[in-house]
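Read the structure below first, then the notes.
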Amino acid sequence: MDDRGARRAPGRISLMCPAPRVRFAPSPTGHLHVGGARTALFNWLYARSQKGVFVLRIEDTDQERSTAASYAAILEGMRWLGLDWNEGPDVGGDHGPYLQSQRLDIYRQHLEQLAAAGLAYKCFCSAEDLQAREDEVKAAGGVWEGYDGHCRNLTADQIATAEAAGKPYAWRLRTPDEGMTFWYDIILDKLEFQNEVLVDRVIFKADGFPTYQFACVIDDHLMEISHVLRGDDHVSNTPFQLLIYQGLGWKPPKFGHMPMILGPDRKRLSKRHGATSVQEFQKQGILPAAMLNYLSLLGWSPGGNAKEVMTAREIIGKFSLKKVGSSPAAFDYDKLNHINGEHIKALDPGQKVQLALPLLAERGWALDPGWLVHGADSTEAYLGRVLGTLGNRFSSLLTLPDQIGFFFSEDFYVDQEAWTEHVGTEEAGTFLKALAAALEEGLALDQAHPAPAFEEVVRRCAEQQGVKAGQLIHPARVALTGQSRSAGIFDVMELVGLRRTIERLRKAAGSA
RNA sequence: GUCCCCGUCGUCUAGUGGUUAGGACACCGCCCUUUCACGGCGGCAACACGGGUUCGAUCCCCGUCGGGGAUGCCA
């Protein structure tokens, strides 16, 4: 094989250190899970920070479980996160094909090479045979420690007989009985395994497909992957794979095993904990930039007192494999939401409008041209003004509709508790009526008014009533917005418009 | 059972053979204020345990405990 390929990779930065080639190799058997997303992200960050190459390879060697829908979902999830790849099934590249199901001949050739060297052998045990022997061992009070080597030393006659009988067979790797296999892991440092504990696992299935263990090694080598960064659930697979590299006479890549992501209770992260796939987070209003940012903080840290809220570019600038930790992290939905809020707040006004527009469309909300509103003549412009009054209160896509619904519809969300407390009293009714009358007298109904005009009337009215402005403002806020918390009340009045403001105050007063 | 990994506030983490063990989320209090949020200020809270090594261990070694992973013709 030509190992100079790595040095031909684009964007090399040093003669001494060829640009790395890394890969994310998901199996298309479900959505892009946060664990997978984190693995993909760290590979991507490493590639981008080192001016290397990021390869996407699809490990679809499980015919039963691989689906086209999953393939599409994974690519979609990665695109949503903003993880782009230099080589992959959809974009091609010099090391394709990138779909393992299209590389069967390649695997077959290498299997033959191993078989010729006596390192792979045929195993005629059926799933039932294996299960029966396992049950037997367990029934005798023993522990099944993996394949028992049943077909390891079949004679030529035995093999011929089995083949003549048409018995299906798989291929297993013959692992050494003694010695040890070790490597220096980028994240976990030196790891070593006694070869004795390694079992002869299947490398080629009876259905003619290679197993993950085998295909992964062949592809990583042929695709000239320099660093294999994956979850630490693969640690125990590594010595076995190292033996395959060795059997084929190949130099293995560097390995880096990242700790897994756990649920808030430190158990395996599952649906029980809430969202686990990136598309679910998308539905929950999480911005891709925030998801990427949060995920980057799981197992990695910019260090010291550095800011944690970062853009992808900033993360790339600071990323280093050396700073990836080795202890598993619990997923914290609160912190994700906080980071999401920070990313929303950092958006410029135009971006916020674009972000919120689909939410209005979903509900059929738009600016009613019949309503007189000061300084906004289109839905977009109006939404811009609305979001402007919200300021930093806009920090979640999930709560936004309730926060702004009253600007677009008379059928808005009402917090019953707030209504009872602030509007449902006799005193509040009196104030609301007085305020409505004051507004009607003080301002021209056929005109749109800016916030200060409303403020002047409200404060004067409070004076006339002999109470502090707050006593009018609180009931008015609930009457206008349905809630006890909102943007500045005078801004609300301006954008709700005089006519509707008066209507809502009267309606609320009437319900007292 | 066996093998492997991990163990700093509740959570994410920084960090060092000698530090008042730092930051962030969450939580609590105060200020600001028409509410909430933001912001500002302050608070609560950690080196799992037991042995060593050492003048001195959170840091190095061993053990224990706890958590996670693997133990598939899944990946």
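In what follows, every chain begins at residue 1, and chains take the letters A, B, ... in the order their sequences are listed.
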Practice task
Give A:Ile203 one of three labels, base, sugar-phosphate or nothing, depending on what nucleic acid heavy atoms sit under 4.0 Å from its own.
Solution key: nothing
Practice task
Report which part of the nucleic acid A:Gln194 touches: base, sugar-phosphate, or nothing (heavy-atom distance under 4.0 Å, all strands).
Solution key: nothing
Completion exercise
Across every strand shown, the nucleotide meeting Watson-Crick or G-U wobble geometry with B:G1 (both distances under 3.5 Å) is B:U71
Exercise for the section: Classify the nucleic acid contact of A:Arg266 as base, sugar-phosphate or nothing, counting any heavy atom under 4.0 Å across all strands shown. Expected result: sugar-phosphate
Handout entry: Separation of the C1' atoms in B:G17 and B:C47, to the nearest angstrom
Key = 15 Å
Completion exercise
Closest of B:C12, B:C73, B:A14 to the A:Val202 side chain is B:C73
Handout entry: Between B:G29 and B:C38 - P atom distance, rounded Å
Key = 14 Å
Practice task
For A:Cys125, report the nucleic acid contact type (base, sugar-phosphate, nothing); a contact means any heavy atom under 4.0 Å.
Solution key: base
Problem - Base B:A24 to side chain A:Lys335, donor-acceptor N/O within 3.5 Å cut-off - result: yes
Protein-nucleic acid N or O pairs under 3.5 Å, nucleotides 30-39 of chain B:
| residue | atom | partner | partner atom | Å |
| --- | --- | --- | --- | --- |
| B:U34 | O2' | A:Arg477 | NH2 | 3.4 |
| B:U34 | O2 | A:Arg477 | NH2 | 2.5 |
| B:U35 | O2' | A:Ser484 | O | 2.8 |
| B:U35 | N1 | A:Arg477 | NH2 | 3.2 |
| B:U35 | O2 | A:Ser486 | N | 2.8 |
| B:U35 | O2 | A:Ser486 | O | 3.3 |
| B:U35 | N3 | A:Arg477 | NH1 | 3.4 |
| B:U35 | N3 | A:Ser486 | O | 2.7 |
| B:U35 | O4 | A:Arg393 | NH2 | 3.1 |
| B:C36 | O2 | A:Arg393 | NE | 2.6 |
| B:C36 | N3 | A:Arg393 | NE | 3.0 |
| B:C36 | N3 | A:Arg393 | NH2 | 2.7 |
| B:C36 | N4 | A:Arg393 | NH2 | 3.2 |
| B:A37 | O2' | A:Asn392 | O | 3.4 |
| B:C38 | O2' | A:Asn392 | ND2 | 2.7 |

Exercise for the section: Give the rounded distance in Å between these two atoms: CG of A:Asp265 and P of B:G66. Expected result: 17 Å
Exercise for the section: Give one of base, sugar-phosphate or nothing for A:Asn237, where a contact means two heavy atoms less than 4.0 Å apart. Expected result: base
Practice task
Under 4.0 Å between any heavy atoms, over every strand shown, what does A:Ala127 touch: base, sugar-phosphate, or nothing? Just pick one.
Solution key: nothing
Practice task
With P as the reference atom in both, quote the distance from B:G15 to B:C55 in angstrom, rounded to an integer.
Solution key: 28 Å
